[in-house]
Amino acid sequence: MASSVQILGTGQLVRLSRRMRAAGGPRLRQNMTRRIRRAAEPLHRDLQGAVRAMPLQSEGRKRNRSGQMGRGGPSPTTRPFRPMLAGGVRISVRTTSSPGARVWVDRSRIEPKARNVLNQINQTGRLRHPVFGNRKRWANQRAEAGWWSRRVRAGTPRMQAEVERVLRDVRRDLE
């Protein structure tokens, strides 16, 4: 899984950033940062919405060795699962070195036992996990493989066009 998408017109953005710094325009920099962030927000919302609505279908409950239905236990995570994963999808904007917008998965905002879940689902379309933390019983859940990559490919052209428009506007303001 591409763990982040970056929109970089590095040559243009670096030259523009230097010109903005020389012009001493913190207002220009803030305006450019805000507009680049807004360009990335639709993709960010789409990815978060996809995580929240992702259908994870299980294989169904299995019987234990004695033929009885297994019993559940406490959840190994303390927060609701999908909202926790969606909260890990973030945007960052830089206007200094390697400037641009980046939509990425912040693993520090996801519980330690679930940090690789989005990558695992994107690559294999399968989420394999212990049943309620019991490492002797495992479950498989199916989901759409490549969900991150497809959404990023669909959202990147619009995001790039918007960043180019922002660059043109800022360049026009500097002239």
* Structure fact -> Correct closest heavy-atom pair for S92 and W104 would be OG-NE1, 3.4 Å
* Asked: Which value, rounded to the nearest 0.5 Å, describes the distance between Q120 atom CD and T124 atom OG1?
  -> 5.5 Å
* Quick one: list whatever passes salt bridge (charged side-chain N to carboxylate O under 4.0 Å, His left out) with R165, sequence neighbours left out. => E162
* **Heavy-atom donor-acceptor pair, R137 side chain to V131 backbone, under 3.5 Å** => no
* To do: List the atom of W148, the atom of V103, and the distance in Å for their closest heavy-atom pair.
  => CZ2-O, 4.0 Å
* Asked: So how far is it from I110 CD1 to R115 CZ, rounded to the nearest 0.5 Å?
  -> 8.0 Å
* Got a sec, which residues hit salt bridge (charged side-chain N to carboxylate O under 4.0 Å, His left out) with R34, two or more places apart in sequence or on another chain? -> none
* Structure fact -> Minimal heavy-atom distance between V51 and A86, with the atoms involved, is CG1-N, 3.5 Å
* Does the pair R94 and R102 meet the rule for a side-chain contact (heavy atoms from CB on, under 4.5 Å), with working shown? -> CA-CA 9 Å; R94 291 175 60 171; R102 183 174 161 210; over 6 Å; no
* Please report the shortest heavy-atom distance between L43 and R151, naming the atom on each side. => CD1-O, 3.5 Å
* Asked: Just how far is it from atom CZ of R107 to atom CG of L118, taken to the nearest 0.5 Å?
  -> 8.0 Å
* Residue pairs passing the salt bridge (Lys or Arg N to Asp or Glu O under 4.0 Å) test where at least one lies in residues 81-91, sequence neighbours excluded -> R90-D106
* Asked: Can you name the side-chain hydrogen bond (donor to acceptor under 3.5 Å, both in side chains) partners of R128, sequence neighbours left out?
  -> none
* To do: For R35, check salt bridge (charged side-chain N to carboxylate O under 4.0 Å, His left out) against everything at least two apart and list the hits.
  => D169
* Structure fact -> CD (E164) and CD (Q160) are apart, to the nearest 0.5 Å, by 6.5 Å
* Asked: Closest heavy-atom contact between A114 and L85?
  -> O-CD2, 4.1 Å
* With R150, which residues qualify under side-chain hydrogen bond (donor to acceptor under 3.5 Å, both in side chains), at least two apart? -> E144
* Does any N or O in the side chain of R158 come within less than 3.5 Å of the main-chain N or O of A39, such that one atom is a donor and the other an acceptor? -> yes
* For residues P130 and R135, report the shortest heavy-atom separation together with the two atoms involved. => CG-NH1, 3.4 Å
* Roughly how far, to the nearest 0.5 Å, is CD of Q48 from CD of E41? -> 10.0 Å
